[in-house]
Amino acid sequence: ALPISPGSSITMSSILPPPASLFEHLPVPDVKLFGPGPSNSNPRVIATQTRPIVPPLHPTLIRIKEDVRLALQYAFQTRNAHTWAITGTGHAGLECAMTNVVERGDRVLVGVNGFWGERASEVAIRLGGTRLLAGTNDRVSTRSRCEALGKASR
């Protein structure tokens with residue numbers, strides 16, 4: 001059994017020992033890295049991330065969500081009591097929006113030119129909609145939208 005870190009009393013069974021470099025500090029230069037990642041974070045972002053998070057039922061977060069709900073009502077010019085600000089991922093937002101507008105048998109025009117278009121297409125099908133695809137992984141042109149709509153009207 002090997003210690004999980006130098007001087008640790010906790011051990012684990014392993015065939016290969018961990019490389020020594022895993023236990024060394026890796027200095028990252030303070031330069032701008034513009035690749036796909038990982039990249040350096042702004043010091044303000046790092047400082048913010050060290051602060052405690054606001055839990056979901058904290059009065060401050062509830063107030064923020066209420067303010068957002070009121071702003072949404074204003075933006076959409078509605079007094080609908082079921083206007084909510086929902087916290088979640090981009091996937092949650094996409095599914096929430098589509099679930100509220102797509103019904104079984106609806107025809108849904110989806111511009112598929114990447115991950116989100118594919119995802120929207122999958123959600124439309126799962127909700128019982130008939131997807132009308134427009135685009136071919138690079139762009140969604142007016143022509144491709146018109147062709148998809150034309151095929152659906154036949």
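Treat the numbers as computed from the prediction; the structure is a model and nothing was measured. One-based numbering along the sequence shown.
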| message | Ignoring hydrogens, what is the shortest heavy-atom contact between Ala85 and Lys65? Give both atom names and the distance. | response | O-CE, 3.4 Å
| request: Please report the shortest heavy-atom distance between Ala120 and Val110, naming the atom on each side. | output: CB-CG1, 4.1 Å
| query | Between Arg63 and Glu66, is there a salt bridge with N-O shorter than 4.0 Å? | reply | no
| task | Answer yes if Trp116 and Met98 sit in the same cluster of Ile, Leu, Val, Met, Phe, Trp and Tyr residues linked by side chain heavy atoms under 4.5 Å apart, and no otherwise. | result | yes
| Crowding at CZ, Phe115 (>12 non-hydrogen neighbours, <6.0 Å) | yes
| task | Verify the cluster assignment for Leu57 and Ile64: are they in a single hydrophobic cluster under the rule of side-chain heavy atoms below 4.5 Å apart? | result | no
| request: Any chance you could measure His58, atom NE2, to Leu61, atom CG, to the nearest 0.5 Å? | output: 9.0 Å
| note | Between Gln73 and Asn80, the two heavy atoms sitting closest are NE2-O, 2.8 Å
| field | Reported CD1-to-CG distance for the pair Ile62 and Asp67, which is rounded to 0.5 angstrom | value | 12.5 Å
| request: Answer yes or no: is there a donor N or O on one side and an acceptor on the other, between the side chain of Asn42 and the main chain of Arg44, under 3.5 Å? | output: yes
| query | Would you say Thr50's side chain and Ala47's backbone share a donor-acceptor pair under 3.5 angstrom? | reply | yes
| said: Would you say that more than 12 heavy atoms from the other residues, nucleotides or ligands in this model lie under 6.0 Å from the CD1 of Ile53, or not? | reply: no
| request: Determine the minimum heavy-atom distance between Ser121 and Val112, stating which atoms define it. | output: CB-CG2, 4.4 Å
| query | Does the side chain of Arg69 come within less than 4.5 Å of Tyr74's, by heavy atoms? | reply | no
| request: Report yes or no: do Val101 and Val123 belong to one cluster of Ile/Leu/Val/Met/Phe/Trp/Tyr joined by side chain heavy-atom distances under 4.5 Å? | output: yes
